Number of protein chains: 2
Amino acid sequence: MQSIKPKKSLVDETYEILVEAICLREFEPGERLNQDEIAARLNISRQPVNSAIAILKADNLVEDTGRRGVIVAPIDPDMSSSIYEYRMVIEPMAVELAARHLPQTARSEADAILKEGREAVERADMRALLQSDRCFHEMIYGWSRNLVIQKSMQVTWNHLRRDMAEVLRDPSRSAPIWDEHAEIVDALLSGDTTGAADLMRDHLRNAHERNSRPGDGSSTG
Amino acid sequence: MQSIKPKKSLVDETYEILVEAICLREFEPGERLNQDEIAARLNISRQPVNSAIAILKADNLVEDTGRRGVIVAPIDPDMSSSIYEYRMVIEPMAVELAARHLPQTARSEADAILKEGREAVERADMRALLQSDRCFHEMIYGWSRNLVIQKSMQVTWNHLRRDMAEVLRDPSRSAPIWDEHAEIVDALLSGDTTGAADLMRDHLRNAHERNSRPGDGSSTG
DNA sequence: ATTTCGTATTTCGTATACGAAATATTTAGG
DNA sequence: CCTAAATATTTCGTATACGAAATACGAAAT
């Protein structure tokens, strides 16, 4: 028998809804978040909205403008390049750590996510594509068993998603990332740790180059 | 003429006070935070305390216990080892990035912090020691200009401080870390980037080994 | 026509109130 | 005396109220 799962607080739910809305560009960068409107839309009082916004501030997803509330943080090129720079070190590290802790279920876990990713490409479903892309990487962070990587990438992916929502226009061009994901997993599961880490670097580099080409809409990976 | 600086909100102030109290062990791991008591002690209403606690939850500094509030997160050995593992990669990376962006003021900035650190050792002032240790590393993150490193280390240092407050008993044994800090800066400022990154790794390893010796209380670096 | 000042309105930060949920204590029954 | 049920108390999540601060608008003065 399962225990009764405590419901999420309104603060937590509101936070998640706002993160999603910011990352998927329902709120544009620079746009002001009005607490009354959000509260009315979610049919709750303003107080949990205010608390959720405080957490968003800590995440740097919104910026304070003084007494007149917060704006959605502008897209900052420095942040984008910091993320790329950071990931070029952390993602291969996560791959190497993952190689030490592979669960028995690694193969089936990976296959399920790869399948989802390819289907999202076929369906041209951008939301699902972003989601499964993130799941792929989080799978590896999970295998790495490094709590700091897991936490910092949780926040970092929200920023990354904002960049990706900016450039994603043709999900079908995301097909190559799933080939690259599959190659990384194959190398990792076959014991070629160094190769897997190198493939991860290539993967990030490819995605970064795709994003730097004006008008070329592809996933960051 | 200077502009009038807006005051910090009660939520922000409360958050900072609580972070400090948790990291310096005024609240012990596992201890429950009572919102009414904290609010009475700070002479404010409970609501900003509640919001500040929500942010602490996002930081993993406190854990939810259901409707009966939060406890201070227990010291988790997995977290400690994750932090060490993570820093062994990120801190040298920050050093290497810093080498590319050294400000004109680097020498004087570094000297000021080194001076403060040595004085804190002489005064056997643990709080000042932790603070200047952190300032030293944050100086390097600042020079690295990588926003993700800066943000993730901001949160990570709070966890690290909890470990350090656990093991720090004899600040005078922290004297070597300031020699090590000085050597890192000298190498960095003299253009020996690889040497500086290696010295950072040695520094972290030394501090980690000191902390792993039972009954030996020294700074983590 | 433009500028300044006073007033109204909007929005947010925080205090207070209310009710839900969890825990502690007391009471009643075997 | 022990156990279960009832009741009281505690604590928190959230709604509501209040006041501060910022902005918008209109009237008066230049």
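On a predicted model such as this, the values are computed, not experimentally measured, just so you know. The chains referred to below are lettered A, B, ... by the order of the sequence lines, with proteins before strands, and numbering in each begins at 1.
- Of the listed nucleotides (dT14(C), dA22(D), dT14(D)), dT14(D) has the atom at the smallest distance from the side chain of Asn50(B).
- Residue Arg46(A) places no side-chain atom within donor-acceptor reach of the base of dT11(C), judged by atom type and a 3.5 Å distance cut-off alone.
- Classification of the Tyr141(A)-His137(A) ring pair by plane angle, with boundaries at 30° and 60°, yields tilted.
- The side chain of Arg32(B) places an N or O atom within less than 4.0 Å of a non-bridging phosphate oxygen (OP1 or OP2) of dC12(D).
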Quick one, His203(A) with His208(A), criterion ring-ring contact (aromatic ring centres under 6.0 Å, His included). Give me CA distance, side-chain angles, the key distance, then yes/no.
CA-CA 9 Å; His203(A) 169 58; His208(A) 184 67; over 10 Å; no
Decide side chain to side chain donor-acceptor pair (under 3.5 Å) for Asp59(B) and Tyr15(B); before the verdict, give the C-alpha distance in whole Å, the side-chain angles of both, and the deciding distance to 0.1 Å.
CA-CA 11 Å; Asp59(B) 284 353; Tyr15(B) 169 79; 2.4 Å; yes
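- Residue order along DNA chain D, read from the 5' end via each residue's closest nucleotide, puts Asp64(B) first among Arg68(A) and Asp64(B).
- Relative to the side chain of Pro48(B), the nucleotides dG13(D), dT14(C), dA15(D) differ in distance, and dT14(C) lies closest.
- Atom CD1 in Ile38(A) sits roughly 12 Å away from atom C1' in dT11(C) (whole-Å rounding).
- Within the structure, a side-chain polar atom (N or O) of Gln35(A) is placed less than 4.0 Å from OP1 or OP2 of dG13(C).
- dT27(C) is paired with dA4(D) under the criterion used here, namely a Watson-Crick or G-U wobble arrangement in which both key atom distances are under 3.5 Å.
- One atom, CD1 of Ile44(A), and another, P of dC18(C), lie 21 Å apart when rounded to the nearest Å.
- Judged by Watson-Crick or G-U wobble contacts below 3.5 Å, the nucleotide dC12(C) has dG19(D) as its partner.
- Residue Arg205(B) places its CZ atom among more than 12 non-hydrogen atoms of other residues, nucleotides or ligands, all under 6.0 Å distant.
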